[in-house]
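Below is one structure, written out as structure tokens, with a few remarks after it.
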Amino acid sequence: MVLTSPFKRLLLGTALALGLAATAAAADLQPLRVANQKSTIKALLEVSGEAKNVPYTIQWSEFPSASPLGEALNANAVDIGALGDAPYVFALGAGGSLKVVSIIHAEGRNTTAVVVPKDSPINTVADLKGKKIVTGRGSIGHYLAIKALNDAGLTTQDVQFIFLLPAESRLVLDNGTADAWATWDPYTTVVTSQSNARVLVSGKHLLSNHLYFAATGQAIADKRVQLDDFVARIDRAYAWANTHPEQYAAAQAKITGLPLAVHIEVAQDTHLSPVTIDDTVIHGLQATADTYVKEGLLSKHIDVSQGFDSSFNAKRIPLEQASR
């Protein structure tokens with residue numbers, strides 16, 4: 001069938017109108033303010049291609065660790081950010097209106113670990129009694145140390161904690177100021193490969209090793225479209241990372257300044273997969289919160305079930321099916 005000129009003009013006009021409407025809709029979306037630890041999430045989206053064609057502006061804010069990131073979420077200075085189990089519990093304990101909207105599980109050899117110098121006389125967790133452990137206060141490393149001590153019949157009163165950032169922590173472990181370091185990858189791989197440190201205990205079976213993407217209540221109310229889209233991009237980006245470990249490692253190495261070989265080892269040894277927000281996840285985090293109350297690190301009981309939004313489950317897809 002041959003289209004008449006008026007009909008052609010009608011189709012062209014309709015297409016133009018729809019295009020303008022879509023552009024206007026995208027322009028109406030408010031920017032999504034994303035909290036980032038040392039550019040890791042930003043780099044992931046960029047190298048995987050998921051930073052392209054975003055129908056809203058992503059405004060990145062950089063943080064050196066999870067603790068100040070949690071404070072920014074509680075202050076509504078950002079809309080969403082990623083934290084481990086323990087830092088998220090502390091953020092909830094500060095009284096913020098936060099909800100986990102997405103969870104990524106990291107399955108790896110030493111995703112978290114307590115390490116000791118290669119010639120250390122410490123061979124079991126029980127040997128840590130009276131010793132100094134360096135870690136980040138409220139970090140996933142801090143929680144791993146507490147869990148490991150409890151499993152060995154010890155408490156935090158049996159050791160001395162030194163709270164520092166990762167770069168400083170390695171220095172005090174290497175110079176003997178600390179007897180052990182409770183940390184996470186890529187730092188576990190760095191010290192075991194460069195300093196020949198030994199893994200005293202791995203968090204592989206002690207912790208969930210989940211990464212929680214937490215959003216503010218205000219963002220969930222006002223920026224649901226952006227959050228749904230962002231969560232889907234994160235899922236696809238991690239799926240890409242599973243199948244492109246070398247490229248993902250190269251992007252991470254540019255940020256951290258750590259050797260490329262370290263990041264390649266971490267990337268090849270770590271599988272990242274989405275986790276559904278359900279009762280199992282909530283009960284697991286409740287145990288973390290209860291442990292902190294027991295240890296006196298939190299002053300009151302926290303009902304962590306209030307810190308999850310399972311409605312975001314419907315927008316997620318199995319990582320194995322995600323492709324770009």
Side-chain angles (χ1 to χ4, degrees), residues 22-37 39-63 66 68-85 87-89 91-92 94-106 210-241 272-278 281-282 285 304-319 321-324:
T23 301
D28 288 342
L29 292 176
Q30 299 176 59
L32 187 66
R33 303 171 302 166
V34 181
N36 201 22
Q37 288 190 58
S39 296
T40 51
I41 302 301
K42 181 180 180 181
L44 170 66
L45 292 183
E46 288 178 345
V47 72
S48 65
E50 289 296 336
K52 298 177 180 177
N53 303 317
V54 181
Y56 49 88
T57 301
I58 298 179
Q59 295 177 346
W60 298 96
S61 296
E62 296 296 330
F63 297 88
L69 189 156
E71 292 172 3
L73 280 168
N74 277 328
N76 275 312
V78 294
D79 298 318
I80 186 171
L83 311 93
D85 305 50
Y88 184 55
V89 165
L92 286 178
S97 176
L98 305 179
K99 305 281 187 182
V100 169
V101 298
S102 173
I103 306 172
I104 296 293
H105 174 67
H210 289 343
L211 183 65
Y212 294 92
F213 283 83
T216 65
Q218 183 175 338
I220 292 172
D222 299 340
K223 301 181 181 181
R224 180 62 187 245
V225 173
Q226 296 94 311
L227 289 173
D228 278 338
D229 177 82
F230 185 76
V231 165
R233 288 176 188 274
I234 290 294
D235 277 0
R236 294 194 299 263
Y238 277 120
W240 177 92
L272 303 148
S273 56
V275 176
T276 300
I277 297 172
D278 59 16
V281 167
I282 294 171
L285 193 67
V304 304
S305 67
Q306 303 303 307
F308 292 86
D309 188 337
S310 60
S311 70
F312 282 83
N313 286 338
K315 291 291 184 179
R316 308 190 68 198
I317 57 176
L319 220 56
Q321 298 175 14
S323 61
R324 188 64 181 167

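FYI, the numbering just counts along the sequence from 1. We use all heavy atoms of the structure for the numbers below, so side chains are in, but hydrogens, waters and symmetry mates are not.
Under the side chain to side chain donor-acceptor pair (under 3.5 Å) criterion, Gln59 pairs with no residue, sequence neighbours left out. Residues satisfying the salt bridge (charged side-chain N to carboxylate O under 4.0 Å, His left out) test with Asp229, not counting sequence neighbours, are Arg233. Applying the side chain to side chain contact (heavy atoms under 4.5 Å, CB included) test to Val225 and every residue at least two apart in sequence or in another chain returns Leu29. With sequence neighbours excluded, no residue forms a salt bridge (charged side-chain N to carboxylate O under 4.0 Å, His left out) with Asp85. Residues meeting the side chain to side chain contact (heavy atoms under 4.5 Å, CB included) test with Ala214, sequence neighbours left out: Leu73, Leu83, Tyr88. With sequence neighbours left out, His210 forms a side chain to side chain donor-acceptor pair (under 3.5 Å) with His105. Here Lys42 pairs with nothing under the salt bridge (charged side-chain N to carboxylate O under 4.0 Å, His left out) rule; sequence neighbours left out. Residues passing the side chain to side chain donor-acceptor pair (under 3.5 Å) test with Asn74, sequence neighbours excluded: none. For Ala237, the side chain to side chain contact (heavy atoms under 4.5 Å, CB included) partners at least two apart in sequence or on another chain are Leu44, Leu45, Ser48, Glu50. A search for side chain to side chain contact (heavy atoms under 4.5 Å, CB included) contacts involving Gln218 returns Asn76, Thr216, Asp222, not counting sequence neighbours. Take Thr57 and apply the side chain to side chain donor-acceptor pair (under 3.5 Å) test, not counting sequence neighbours, and it matches no residue.
Contact check for Tyr238 versus Leu211: side-chain heavy atoms found under the 4.5 Å cut-off.
Note that CG of Leu92 and OG of Ser305 are 10.0 Å apart. Values are rounded to the nearest 0.5 Å.
Listed by first and then second residue, the salt bridge (charged side-chain N to carboxylate O under 4.0 Å, His left out) pairs that reach into residues 212-221 come to none, sequence neighbours excluded.
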